[in-house]
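Here's the structure we're looking at; comments come further down.
In what follows, chains are A, B, ... by sequence order, proteins preceding strands, each numbered from 1.
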Protein chains: 2
Amino acid sequence: MEFGLRFYKKRTFKKGDFLLKPGQYIEHFYFMKQGCVSYYTIENGTSQVMEFYTEGYFFTDLYAYIQEIPSASYLEALEDVTVYSITKADVQKVFDHSHQLERFGRLSMQRTFVINFQRINDLRNLSNQERYLQLLKKRPELFQRVPQYLIASYLGITPVGLSKIRKRLSEK
Amino acid sequence: MEFGLRFYKKRTFKKGDFLLKPGQYIEHFYFMKQGCVSYYTIENGTSQVMEFYTEGYFFTDLYAYIQEIPSASYLEALEDVTVYSITKADVQKVFDHSHQLERFGRLSMQRTFVINFQRINDLRNLSNQERYLQLLKKRPELFQRVPQYLIASYLGITPVGLSKIRKRLSEK
DNA sequence: CGTATTTATTAAACTGGTTTAATAAGAAAT
DNA sequence: ATTTCTTATTAAACCAGTTTAATAAATACG
């Protein structure tokens, strides 16, 4: 959703800052210029990392954004972060103004569909070990900048479980 | 995507017929008037049911449709089926014709996003037993019309596993 | 109908994760 | 450098699933 650059405002966050906390309504879309943010919920006391957003990602809590409900999630800066943000109102303005950009919005949602579909397939058809290896291949840099227990959470397993997988792999 | 009804053609399929087989490009969107279709792939010899489409669902292999790649999936009539079908070309015509309907298309994709997001969350956060109970609650009629081993596949477990869950629940 | 086929359950052995707890290793701070 | 705090590994007991195979129940059909 890059639209008119004129709508974007540069913002920075320090490591540990929250771009979003549960209960808030979503007012912005973000483009990640520099840094890393984790998108997670807390389910019965433990954090469940849904995604890591790094350079080049467009992100927000899209689930709450679309439904216009209060977020149940956190967006937390895992490093110092620079984003360009656009307001929901400006996105709507852009859509209202142009059939072309409305289409662009639809096609963006389609790309998101494809990604989510693949994720559902992976969750259903791959083992934890296979998903770990896939992540290692697709986003190797994550392992340099994010603690392993957060990666475990992203993969849907415990830190102990991930450690076992790594051991098993290293023994071969 | 209901658009102009004039674009729709009524089609029927017999139980066991395929609306789609792997290798085919997607030419149609379907609206289920009557019956039940399973959407599945075959992964190393076993079928993986992704979805059951029943009365009121709009469906196709959206993943292949969007990407314009040959399908990897089956759409198989589990019962005699009546659908209304619209061609991809007609959908495109409708989008080209109207900003309003283009927006409708975008909002449809957003609804699909919400559903898929919830599914990812369920796969990550719920146990197999919880997902079984949820399905039982949300779509009880499925259990009357679809064999249990297909429901097991939909839940991402084996028929033996589902049988154990049911036994465990019935013992309480 | 009775027989054949499909579907569901059960048992037994196994597996890849879990939890809890202890320990070790690494990073940050005084 | 030593301490402190965070992160990662390991071990042990456990658990919810798996696979394979046998059996039972339900359904379809000649």
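Evaluation of the side chain to side chain donor-acceptor pair (under 3.5 Å) rule for B/Ser127 yields B/Glu130 as partners, not counting sequence neighbours. Scanning for salt bridge (Lys or Arg N to Asp or Glu O under 4.0 Å) contacts around A/Arg124 gives an empty result, with sequence neighbours left out. With sequence neighbours excluded, the residues forming a salt bridge (Lys or Arg N to Asp or Glu O under 4.0 Å) with B/Glu102 are A/Arg103, A/Arg106, listed by chain and number. Every residue two or more places apart in sequence or in another chain that forms a salt bridge (Lys or Arg N to Asp or Glu O under 4.0 Å) with B/Asp80 is listed here: B/Lys14. Judged as a salt bridge (Lys or Arg N to Asp or Glu O under 4.0 Å), and not counting sequence neighbours, the contacts of B/Arg145 are B/Glu55, B/Glu79.
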Starting at the 5' end of nucleotides 17-30 of chain D, put B wherever the base has a protein heavy atom under 4.0 Å, S where only the sugar-phosphate does, and a dash everywhere else. BBBB----------
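What separates CG of A/Leu123 from P of C/dG17 is a distance of 14 Å, to the nearest Å. Look at CZ on B/Arg166: it is 15 Å from P on C/dT7, rounded to the nearest Å. At whole-Å resolution of the value, NZ in A/Lys167 and P in C/dT15 are 17 Å apart.
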Give every donor-acceptor pair under 3.5 Å between a side-chain atom in residues 22-38 of chain B and any protein atom, sequence neighbours left out.
residue, atom, partner, partner atom, Å
B/Gln24, OE1, B/Lys21, N, 3.4

Output a table of donor-acceptor pairs, distance under 3.5 Å, between side-chain atoms of residues 149-159 of chain B and any protein atom two or more places apart or on a different chain; print 'none' if there are none.
residue, atom, partner, partner atom, Å
B/Ser153, OG, B/Ser47, O, 3.1
B/Ser153, OG, B/Val49, N, 2.8
B/Thr158, OG1, B/Gly161, N, 3.0

Side-chain donor-acceptor distances from residues 81-94 of chain B under 3.5 Å, at least two apart:
residue, atom, partner, partner atom, Å
B/Thr87, OG1, B/Asp90, N, 3.0
B/Thr87, OG1, B/Asp90, OD2, 3.3
B/Lys88, NZ, B/Tyr65, O, 2.8
B/Lys88, NZ, B/Glu68, OE2, 3.3
B/Asp90, OD1, B/Lys93, NZ, 3.1
B/Gln92, NE2, B/Asp96, OD1, 3.2

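Heavy atoms of other residues, nucleotides or ligands lying less than 6.0 angstrom from CD of B/Gln100 number 12 at most.
Against DNA chain D, the stretch residues 130-155 of chain A makes heavy-atom approaches under 4.0 Å through A/Pro147, A/Gln148, A/Tyr149.
Here salt bridge (Lys or Arg N to Asp or Glu O under 4.0 Å) pairs that include residues 150-161 of chain A, with residues two or more places apart or in two chains, number zero.
The overall bend of the helix from C/dC1-D/dG30 to C/dT30-D/dA1, read as the angle between its terminal helix axes built from five base pairs each, is 40° when rounded to 10 degrees.
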